[in-house]
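See structure below.
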Amino acid sequence: MHTKQRKRIGVLICECDVLIQQRMLRGIITQAQELNMDVAVFSSFLNNIQDDSFSRAQYNIFRLANFEELDGIIYARQTIYNEKMKRELDHRLSQMKIPVIVLNDDTTAFQCVMPHDRALFRRLTNHLIEAHGVQDIFCLTGPRGIYSAEERLKGYRDALAEHDIPCDESRIRYGNFWFESGYALGEQIVSGEVARPQAVICGNDPMALALCEVLTQNGISVPDDILIAGYEATNEGRENPIPIASYSNDAFATGVEGARRMYEAITGAPRVEIDVPRGYFSPAKSCSCAPDPEQTAHELRRAKRNREDEMLLRCSMMSERLAACETLDEVAEMLYSLTYMIRDMDSYCLCLCEDWEGSLRADGTEEYRTEGYSDMIRIKQAVGKSVEHLRDRTFPKEEMFPRLFTLNDGPCTYYFTPLQHNDRIFGYSVLTLHGKGAAYSGIYPRWSAHLCNALEFVRVRNYFKSVQNRVHLAERRDPLTGLYNKLGFETALAQRFAWAREQGKNLLILVANLDNLAAINDHGGRLEGDNAMILFANAISKSFSGNEHCARIAGGNFAVVGCGDYSPDSVSRFTNAISGYLEQNRGEDEKLEVSFGCYCGPANEVNASEELYQIAYANMEEHRKNWRTERNTPYYTEFKKLREQIYSKPQEDWSIDAVCRRMILSRGYFQKLYTRCFGISFTQDVINSRINYSKKLLAETDMIIANIAAQSGYDNYVHFMHQFKKIVGITPTDYRKRKRAG
């Protein structure tokens, strides 16, 4: 948990670009800034009642909200249409110990702030009665039992009672707050099923718009034959060919009240009651009123601003420019030059999941994220002076956004919005706007959609490149071991040879052969032989640093090529590592017997790469010939048993003199035979067995290194450290770290 320096409240809301939500947010943010509180707004761009995969990915942004890092939540529950998402949020919030304030919804156990719909709807009805002299007014409200619908109906009844007009229940209808209800009522008026009233007052603008459309299409004039009024004063209502007279709700005042109550719940300080304007009447043609000049001027300014935004987006060719980007870095850089379109922007951050591209399974199918976010989030692009230092920074998803936990000069508002393509989740955006009560404009959702399409283009390009690369690699890979095949090795050999010449480095070519592969096949079948080759492939893969290319040329014949600063003892270090791996991982069956040959030196102008390979191969063949000779001697079986004992109990005192006495051989002859049998001296083989055993203890136990040295047969801790680094190439501590990290 971070140290909180300023109170932080979260807001859960849908479609921040919708006018009513904008008013509500402006109220919340304006009041929060006055009370010195930061605001984190979590919002989806789209809102769908259906529980489809696209909607679930949109609503996923709410799962980002870490309530433990926030002091309180303002929950605009009514703006979320999806019931499943609301139930999930209800449950999560009920488990939290922070205060929760719900706006415009009294169906939960949380404290709620409800709008003054009753009073405002009464004012709207009074206008029709008083300004236009009508008394036969039809009321189309929302769904029965819904608080806002019932409150608006009460306001209608209040106005009739105030003017002593009887309330005719047949002139009241419950709708669904959507176009269908307006269409249905209009068709019934046109057909005569419903007697034509003097006026119709609708519970919101969409129903009024639909009603107006049906009536005018059927020859009933609005407002000459019927007056129509809406509610909530939306942009759509104002921009209709017959502008809808409407009354704005008090969303701004509701937001202010919600922030004020939240501050009281968090701090315990009593809230100060402030008189906030609660809605206003917007006269228009549908009720034969002339528009208010001041409102008209305001609407013209807003329309001009919207036109400018639309022009910026259209002329920017954002979609085309982003689609031309081939890499994520190119998208990020292009995005930097396109944020000028986001009005009032203080900063913008592109936050991606670590697995935003998904992954390609071995069978060629895709696996990608459709829910939640990765444990770590990466800020790929950060635009704005206050966030430039965050670019390419990775942080835990629990933080949501690192800047939330810094003390800024003043309170800030952060908008968290989703980044997705269909049901595929990429991450999220964090947008900070300046100005009191600033809310993003209608082009921001489309701006973000263009960005998501660009991310998808890059992902698809990378996907096809990956598939193409797999096909390419399949031609050069051995299907049994996953190493390069002969063709792949020849390509790698030519490449490394050229690099060694250009850079003045040494070329390393190591050739190995499984000498007893035929015997293993004869004894255990082809499956045992395949397992032996896989074991050896693992041994060479894990024994090299990663700068080398390993290959299975054919059968039990393997090769490795590398270019680098190889020292004279590099070859012995690699072969010892391979032998040690085989000793540690061999089963109860017959042990692998391997012959090695190598070339380690400059790639000069005298020899071609193939000639250097043949040198290594001939070296290996000579080794095999010597080993075959030695394995036919009567001593080989006894030496083999001795070696197995050394590797099974490396910590014992393997004195060369004691072993010579046991085998009744002179010291010099014993050493000569041992080296010819196994390609390594007795002393070095004992050291290798002890180092291999210590590597096992380092990887699998928490023993301190001094104890591991003693357990591995070393009396001198410093001597152990020296020998370990000489053979393995790194210290025991580094070896343990790498093993744990891997």
Side-chain angles (χ1 to χ4, degrees), residues 15 18-20 47-50 77-83 104-107 114-115 117-118 120-125 127-128 134 136-160 167-218 220 222-223 226-238 240 242-249 251 279 282 284 286-287:
E15 298 179 299
V18 173
L19 185 59
I20 297 171
N47 200 3
N48 200 339
I49 195 169
Q50 284 83 24
R77 191 175 188 274
Q78 195 180 41
T79 68
I80 303 173
Y81 297 155
N82 185 274
E83 291 297 326
N104 296 357
D105 191 326
D106 65 345
T107 62
M114 302 303 293
D117 284 339
R118 181 172 182 171
L120 299 180
F121 216 72
R122 177 178 59 81
R123 294 180 194 173
L124 180 58
T125 311
H127 170 78
L128 295 177
V134 298
D136 182 12
I137 305 172
F138 196 106
C139 178
L140 175 60
T141 188
R144 186 187 298 273
I146 297 298
Y147 178 87
S148 56
E150 298 292 356
E151 286 294 293
R152 293 169 198 185
L153 178 57
K154 289 176 183 177
Y156 164 79
R157 293 180 188 275
D158 291 343
L160 296 182
C167 183
D168 183 352
E169 295 297 324
S170 68
R171 288 314 213 196
I172 296 173
R173 173 168 299 180
Y174 287 98
N176 63 356
F177 278 148
W178 202 235
F179 294 99
E180 289 88 346
S181 300
Y183 289 137
L185 177 59
E187 289 167 358
Q188 288 175 330
I189 292 174
V190 170
S191 67
E193 183 180 343
V194 171
R196 185 187 300 179
Q198 293 176 301
V200 178
I201 184 170
C202 299
N204 69 358
D205 281 2
M207 294 192 296
L209 285 166
L211 174 62
C212 184
E213 179 185 338
V214 173
L215 295 179
T216 54
Q217 286 178 350
N218 287 276
I220 298 176
V222 177
I226 295 181
L227 303 179
I228 295 178
Y231 189 70
E232 293 178 345
T234 63
N235 293 335
E236 294 78 13
R238 294 191 186 97
N240 195 49
I242 300 176
I244 301 298
S246 190
Y247 213 101
S248 78
N249 63 6
S282 179
S286 72
C287 74

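Owing to the predicted nature of the structure, the values given are computational and were not obtained by experimental measurement. Atom set for the values below is all heavy atoms of this structure, side chains included, hydrogens, waters and symmetry mates excluded.
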Open item on the list: I'd like to know whether F138 forms a side chain to side chain contact (heavy atoms under 4.5 Å, CB included) with I189, so could you lay out the CA-CA distance, the side-chain angles of the two residues, the decisive distance to 0.1 Å, and finally the verdict.
Closed with: CA-CA 11 Å; F138 196 106; I189 292 174; 6.0 Å; no

Open item on the list: For the SG atom of C287 and the CD1 atom of I228, what is their distance to the nearest 0.5 Å?
Closed with: 10.5 Å

- [ ] To the nearest 0.5 Å, tell me how far C202 SG sits from L185 CG.
- [x] 7.0 Å

Open item on the list: Let me confirm one number: the CD1-CD distance from I244 to E232, rounded to the nearest 0.5 Å.
Closed with: 13.5 Å

Task: For the student: nearest non-hydrogen atoms of L124 and A229, plus distance - done: CD1-CB, 4.1 Å

- [ ] Locate the shortest heavy-atom distance separating A199 from V134; write the atom from each residue and the value.
- [x] CB-CG2, 4.2 Å

Open item on the list: List the residues meeting side-chain contact (heavy atoms from CB on, under 4.5 Å) with S148, not counting sequence neighbours, and say none if there are none.
Closed with: Q78, D117, I146, R152, F177

Open item on the list: I'd like to check the side chain to side chain donor-acceptor pair (under 3.5 Å) partners of Y183; sequence neighbours left out, ordered by chain and number.
Closed with: E213

Open item on the list: According to side chain to side chain donor-acceptor pair (under 3.5 Å), who are the partners of T125, at least two apart in sequence or on a separate chain?
Closed with: none

TODO: Could you tell me the separation between the CZ atom of R122 and the CG atom of L160, rounded to the nearest 0.5 Å?
DONE: 12.0 Å

Open item on the list: Out of the candidates T141, N176, N204, only one should pair with S181 under the side chain to side chain donor-acceptor pair (under 3.5 Å) rule; please name it.
Closed with: N176

Task: Whether S246 side chain and S282 backbone form a donor-acceptor pair below 3.5 Å - done: no

Task: Closest approach of A149 to P143 (non-hydrogen atoms, all atoms of both residues) - done: CB-O, 3.3 Å

Open item on the list: Suppose we screen for side chain to side chain donor-acceptor pair (under 3.5 Å). Which residues come up paired with D105, at least two apart in sequence or across chains?
Closed with: R77, T107

Open item on the list: N47: which residues meet the side chain to side chain donor-acceptor pair (under 3.5 Å) condition with it, sequence neighbours left out?
Closed with: Y59

Task: Side-chain heavy-atom pair R144, E150 within 4.5 angstrom cut-off - done: yes

TODO: May I ask you to say whether R157 pairs ionically with E169, meaning some side-chain N is under 4.0 Å from a carboxylate O?
DONE: yes

Open item on the list: Within the structure provided, determine whether F121 and E151 are in side-chain contact (heavy-atom separation under 4.5 Å).
Closed with: no

Open item on the list: Which heavy atom of A208 sits nearest to which heavy atom of G230, and what is that distance?
Closed with: CB-CA, 4.0 Å

Task: Side chains of C167 and I172 in contact at under 4.5 Å (non-hydrogen atoms) - done: yes

Task: CG-CZ distance between L128 and R123, expressed to the nearest 0.5 angstrom - done: 15.0 Å

Task: Residue pairs fulfilling side-chain hydrogen bond (donor to acceptor under 3.5 Å, both in side chains) with at least one residue in residues 189-203, sequence neighbours excluded - done: Q188-E193

Task: Donor-acceptor under 3.5 Å (D205 side chain, T234 main chain) - done: yes

Task: Over all atoms of both residues, closest heavy-atom pair of A284 and P243 - done: CB-O, 3.5 Å

Open item on the list: When you compare the side chain of V190 with that of L215, does any pair of heavy atoms fall below 4.5 Å?
Closed with: yes

Task: Any L211 side-chain heavy atom under 4.5 Å of V200 side chain - done: yes

Task: Nearest-0.5 Å distance, CG of residue L227 to CG of residue D136 - done: 11.0 Å

